[in-house]
2 protein chains.
Amino acid sequence: MPEKLSCLDELIQSLRCLPGVGPRSAQRMAYHLLQRDRAGAARLAASVGNALAALRHCARCNAFSEEEVCPRCANPRRDPARLCVVETPADLAMIEQTQTYDGLYYVLMGRLSPLDGIGPRELEFDRLLARAADGDVREIILATNFTNEGEITAHALATLLAARGLAVTRLSKGVPVGGELEHTGIGTIAQALAERRTMLP
Amino acid sequence: MPEKLSCLDELIQSLRCLPGVGPRSAQRMAYHLLQRDRAGAARLAASVGNALAALRHCARCNAFSEEEVCPRCANPRRDPARLCVVETPADLAMIEQTQTYDGLYYVLMGRLSPLDGIGPRELEFDRLLARAADGDVREIILATNFTNEGEITAHALATLLAARGLAVTRLSKGVPVGGELEHTGIGTIAQALAERRTMLP
């Protein structure tokens with residue numbers, strides 16, 4: 001085909017690096033940007049560039065940050081005795097939204113996944129262990145997901161952290177708030193039964 | 001919240017200008033770009049910028065082009081007597097993929113949609129009429145979609161073009177190739193029946 005528009009093809013191809021975007025949506029996105037939202041497109045190009053240039057990992061919590069230490073880790077009103085370990089910044093954001101936690105965080109930026117070649121080295125477990133050994137941290141709250149990989153990650157970390165004399169806790173498992181037993185997985189019900197809690201003295 | 005990361009928020013916001021991307025996917029995309037595909041992100045920023053700078057509308061067919069007249073319109077082996085009118089570059093690409101059409105195209109870059117304020121003026125019907133009046137065009141093939149808006153667009157154009165003495169045709173409606181009647185809408189079956197064609201003399 002001598003009729004290829006390299007610039008347009010280039011744009012369509014580059015949109016495919018976004019997760020969940022296949023050839024069709026990349027094409028639709030490219031046309032949309034060029035035809036309907038050139039201002040948005042310009043802003044997108046600039047903000048991707050800015051983010052790449054300005055964002056790094058916070059030296060303490062490993063989340064994205066514009067500073068060496070992010071404002072959350074630098075906040076003196078946060079309790080340095082508790083460190084909550086999550087897989088991703090999105091998980092951190094969910095916990096923050098509960099407005100019930102004022103300790104600090106550590107973001108793994110992933111989970112153990114041997115099949116994908118992601119082991120303790122790739123997740124830099126050493127950095128977390130060093131962070132947890134700062135003398136202030138008393139309790140590590142493991143808040144990785146309750147998927148297979150998240151559970152394996154939590155167990156691996158629990159072993160390493162407990163060996164260093166830290167108290168290690170895990171988010172509780174059970175029936176979701178508002179959940180009906182009829183629509184709850186039997187695995188969850190079995191867990192909720194096994195981990196049942198006293199209601200009245 | 002003094003803990004906002006403006007650069008990251010900015011990136012997440014700007015990703016939402018892409019069609020079909022809500023707050024959750026924008027967040028996931030941003031983390032993916034920053035954490036897993038910085039090379040892809042850099043390429044994305046560059047290609048959006050390049051496309052905005054380099055692409056314009058072909059003076060003849062209105063599709064995206066890096067030149068004043070796109071290579072397809074400039075190709076002397078294409079038949080200038082037939083002009084196929086489509087809604088979008090994606091529709092044009094579909095027709096090209098059939099490898100059964102060697103005429104020229106005109107891309108409306110939309111369809112009539114009065115509720116969205118898109119009328120003949122917004123779609124620049126005048127440009128198409130001028131293009132169709134170049135003296136070479138003998139037949140206009142209307143290939144807008146068979147949606148309500150696509151049909152309305154086709155009918156409006158047919159009236160205008162026929163008044164200028166041009167032969168106006170429309171893609172046929174009917175049961176899709178490979179389709180089973182049982183799984184075909186009754187509207188389509190009714191059309192296919194009404195527009196039935198002679199098989200044997």
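Proteins come first, then strands; the chains are lettered A, B, ... in the order of their sequence lines, and each starts at number 1. Atoms considered below: every heavy atom in the structure, side chains included; atoms not considered: hydrogens, waters and symmetry mates.
Residues from residues 19-50 of chain A that place a non-hydrogen atom less than 4.5 Å from a non-hydrogen atom of chain B comprise A/P19, A/V21, A/R24, A/Q27, A/R28, A/M29, A/Y31, A/H32, A/L33, A/L34, A/Q35, A/R36, A/D37, A/R38, A/G40, A/A41, A/A42, A/R43, A/L44, A/A45, A/S47, A/V48, A/G49, A/N50, given in numerical order.
B/D102 CG: more than 12 foreign heavy atoms inside a 6.0 Å radius. The 12-atom threshold is exceeded at CD of A/E195, counting heavy atoms of other residues, nucleotides or ligands nearer than 6.0 Å. Heavy-atom neighbours of A/N148 CG from other residues, nucleotides or ligands within 6.0 Å: at or below the threshold of 12.
Among the candidates B/A51, B/A54, B/P89, the residue making the largest number of heavy-atom pairs closer than 4.5 Å to chain A is B/P89.
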Which donor-acceptor pairs under 3.5 Å do the side chains of residues 169-179 of chain B make with protein atoms, sequence neighbours left out?
| residue | atom | partner | partner atom | Å |
| --- | --- | --- | --- | --- |
| B/T169 | OG1 | B/E139 | OE2 | 2.8 |
| B/T169 | OG1 | B/I140 | O | 3.4 |
| B/R170 | NE | B/E151 | OE1 | 3.4 |
| B/R170 | NH1 | B/L142 | O | 3.2 |
| B/R170 | NH1 | B/T144 | O | 3.0 |
| B/R170 | NH1 | B/T144 | OG1 | 3.3 |
| B/R170 | NH2 | B/T144 | O | 3.4 |
| B/R170 | NH2 | B/N145 | O | 3.1 |
| B/R170 | NH2 | B/E151 | OE1 | 3.2 |
| B/K173 | NZ | B/E151 | OE2 | 3.0 |

Should A/L18 and B/L18 be marked as a side-chain contact (heavy atoms from CB on, under 4.5 Å) after you check the CA-CA gap, both sets of side-chain angles, and the distance that decides it? CA-CA 11 Å; A/L18 296 170; B/L18 296 169; 3.7 Å; yes
